[in-house]
Amino acid sequence: MSHDEPGLDADRETAELRRLMESTGVTSYLEDDDAEVELEPSETLVARLKATEASDDAVRSPGGSGRRLVPTLLAGTAAAAIAGILIAVQPWNTPVARASTPPILDFEFAEARRIADAPGVDPTETLEHLARAAERTQSASSASAVQHVVIEGWSIDANFDPDPNSTISPTMTENWLYPDGRFRSRSYEGEPLKADGRGIPLSGRLDRTTEFIDEEIEPVGSHDAQFFIDMPKSVDGVRDDLLSDIECLERQRGQERTFCLTDQIRNLGIRYVIPPRVMATIWRMLAEEEGIRSLGAVKDRTGRDAVALSFIWEGAPEYRLVLLADPDSGQLVGSERILIKPSPSSPVKPPAIQEFTAIVTSKYQ
Amino acid sequence: MNEEEFTELYNQLHRHLFRYAKTQLHATEAAQDVVSETFRIAWEKRDALKVEVHSARAYVMGIGKKVVLRQIQDRQRHPEDAYEDARLHRLVTAGVDVAETVVDVRRGKSIHEQLSPSDQLLVSLMTSPHLEASDIAEILGLTSNAYAVRVHRVRRRIDELSREYDRASEGGEP
């Protein structure tokens, strides 16, 4: 396997990592008593699964659909058929999306069906507009406050169900970053997306029916809570801080640097409250980077008006990253990662949403 | 996906999934349960796997990760000390040079525990000589470039953690 980036070859990196794991004891730790453990042979497993299935079939009512409990109605349009989306009409509720992956949003300069090859437009004007909007937004940053960010997201890794009739339920995650660097995160199961891929409420939905999934607490000092507050004011200073934090291998202008920066913005925005002055600088910084395009206006997954900025990294042309921003406040409101070309490393066929995040709340407490 | 394809998928992945689950759950039986439950779900989805899924391996490892997460949520973790004691007991009874091996395993454990869960999955897959770089990239759902960058970063991280461990050892901490 070879790579465009000089010095980074997957086979060589793999061999080096294996050697390092051997010399540092990681392999010994992982393999220690592994071989002694007997796992079920495939023949036994398949026989057992078949027997269980036969038993389940026997208790299903005759004529029943078995797995399908909700009456469904095929959306009879060609577009829906192409998208592989089935819409279930429930008399007591708004139709929800029924598909393996979330519906792709329609952007001003890239309709969902053209998301794979829509070029987008020059982003300069949009980025300057966002920078100015952010500058107008009142800053409430405080070194002694808790940063509270609520997101709703879905990803292939965590939520994918290959059943084309499955509902798409994002995970709602509430994050708190404390001034001493402690980080607390609580996740809940969200409600299914609507047929247009939207329906995430801005108010959050923590009520008695919300199913708690998980809680994680990272200790004091695990995060630099002042990361954005202490950030320099210049474009170059902000860029340097973002690249250093992610240990980006490339500092010169180009595709790799844009990849590092867009990835950073996407990842940091779901944990930190980004002060408006920093956000303004980030948009101006992106205007200097290679490969950013504007996809224009869009209604995001909460139904908010947003503008979309797109980047397709040459190193992974199968994916299109889209950053979503509020045109009024200049704040980041979400991101989408879309599979646009067949990839041996993705479990789905393009075009498809690989993951998305909607930032529902981002403020100091 | 037919029975033969499913069997092949199981044979390719079950040991890696077990190894990953065991490091996350610190319990052999629970890890065996993870393998069993993961492939039960995959069996139920086998029709859709044929039509909807491009990489069944990536999909099944994805299910495995979710099952592990659920296990962690559903039960109290197996106490770490008891786990380690049981391991050391096995080493002693097997006549292994315990002093040297224990230091090695402890260092490996310390490093492993400080990696992120996704990096832990990557290093679990690395332990199989039968998996090539392209196989691991596919299972993790990464492009070859992204995989190379990721491996490079994990390598640097392990190196850094190993040095920290040595420094702490010299200071008498671990």
Side-chain angles (χ1 to χ4, degrees), chain A residues 1-5 8-14 16-18 20-21 23-34 36-37 39-40 42-43 45-46 49-50 52-53 67 84 100 156-158 160-164 213-214 247 249 313 315-316 318-319 342-349 354, chain B residues 3 6-7 10-11 14-15 18-19 23 28 32 35-36 39-40 43 45 48-49 52-55 58-59 62 65-66 69 73 87 90 101 104-109 111-112 123-124 126-127 132-134 136-138 140-149 151-155 158-159 162:
Chain A
M1 194 191 292
S2 64
H3 301 281
D4 301 334
E5 184 170 327
L8 272 189
D9 175 87
D11 292 327
R12 195 172 63 236
E13 289 294 331
T14 301
E16 289 290 330
L17 177 54
R18 281 180 166 144
L20 184 64
M21 285 169 58
S23 66
T24 55
V26 175
T27 303
S28 301
Y29 167 64
L30 289 170
E31 288 185 334
D32 190 19
D33 55 0
D34 189 54
E36 294 169 18
V37 179
L39 297 173
E40 190 174 18
S42 55
E43 303 77 29
L45 173 85
V46 171
L49 291 171
K50 280 174 155 177
T52 309
E53 201 168 57
R67 296 177 190 172
S100 299
I156 288 265
D157 284 346
F160 176 61
D161 183 336
D163 184 346
I213 298 176
D214 193 20
E247 297 179 9
L249 299 169
W313 180 36
E318 305 94 321
Y319 295 102
S343 167
S345 57
S346 175
V348 294
K349 296 169 187 171
Q354 191 78 10
Chain B
E3 190 178 317
F6 182 84
T7 301
Y10 178 79
N11 288 334
H14 74 295
R15 180 63 62 176
F18 168 76
R19 195 170 281 163
T23 60
T28 299
Q32 287 170 315
V35 175
S36 189
F39 281 92
R40 184 193 65 73
W43 177 262
K45 303 285 183 189
L49 279 176
E52 300 288 327
V53 173
H54 188 66
S55 168
Y59 172 63
K65 284 191 275 183
K66 279 188 272 187
L69 183 63
Q73 292 157 0
R87 272 185 147 188
R90 276 195 298 277
T101 308
D104 201 35
V105 170
R106 281 200 172 138
R107 175 207 294 269
K109 179 173 182 280
I111 292 170
H112 186 270
V123 297
S124 293
M126 283 285 167
T127 57
E132 293 183 2
S134 55
I136 301 173
E138 182 196 318
L140 295 175
L142 297 171
T143 61
S144 59
N145 279 295
Y147 168 81
V149 171
V151 172
H152 186 80
R153 285 181 184 149
V154 171
R155 200 151 65 77
I158 289 179
D159 195 38
S162 178

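All values reported here derive from a predicted model rather than from experimental measurement. Labels below follow one simple rule: chain letters A, B, ... track the order of the sequence lines, proteins then strands, and each chain is numbered from 1.
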If I compare all heavy atoms of [X] with all of [Y], which pair ends up nearest, and what's the gap?
| X | Y | result |
| --- | --- | --- |
| B:N145 | A:G315 | ND2-O, 2.9 Å |
| B:S162 | A:T24 | OG-CG2, 3.5 Å |
| A:A10 | B:Y147 | CB-CD2, 3.7 Å |

For A:K50 and B:W43, run side-chain contact (heavy atoms from CB on, under 4.5 Å): C-alpha distance rounded to whole Å, both residues' side-chain angles, the deciding distance at 0.1 Å, then the answer. CA-CA 9 Å; A:K50 280 174 155 177; B:W43 177 262; 3.7 Å; yes

Pairs of heavy atoms under 4.5 Å with chain B: top-ranked of [options]:
| options | value |
| --- | --- |
| A:S23, A:A316, A:S42 | A:S42 |
| A:L49, A:L20, A:V26 | A:L49 |
| A:L45, A:I156, A:L39 | A:L39 |

In chain order, what residues pass the side chain to side chain contact (heavy atoms under 4.5 Å, CB included) check against B:S36, with sequence neighbours excluded?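 Once residues adjacent in sequence are excluded, the partners of B:S36 under the side chain to side chain contact (heavy atoms under 4.5 Å, CB included) criterion are A:E40, A:R48.
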
Going by side chain to side chain contact (heavy atoms under 4.5 Å, CB included), name the residues that satisfy it together with B:E132, two or more places apart in sequence or in a different chain.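 For B:E132, the residues satisfying side chain to side chain contact (heavy atoms under 4.5 Å, CB included) (neighbours in sequence not counted) are B:S134, B:D135.
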
Let me know if B:Y10 has heavy atoms under 4.5 Å from chain A in its side chain, its backbone, both or neither.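 Only the side chain of B:Y10 comes within 4.5 Å of chain A.
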
Which one of B:R155, B:H112, B:H14 has the most heavy-atom pairs closer than 4.5 Å to chain A?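 Of the candidates given, the most pairs with chain A belong to B:R155.
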
Considering only heavy atoms and a distance below 4.5 Å, find which of B:V154, B:I158, B:T7 pairs most often with chain A.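 It is B:I158.
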
Strictly distance-based, threshold 3.5 Å: is any side-chain N or O of B:K66 a donor or acceptor partner for the main-chain N or O of A:F160?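 Side chain of B:K66 to backbone of A:F160, a donor-acceptor pair under 3.5 Å: yes, one is there.
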
Could you grab the distance from atom [atom1] of [X] to atom [atom2] of [Y], nearest 0.5 Å is fine?
| X | Y | atom1 | atom2 | value |
| --- | --- | --- | --- | --- |
| B:K45 | A:S100 | NZ | OG | 9.0 Å |
| A:E247 | B:H152 | CD | NE2 | 9.0 Å |
| A:L30 | B:R19 | CG | CZ | 7.0 Å |

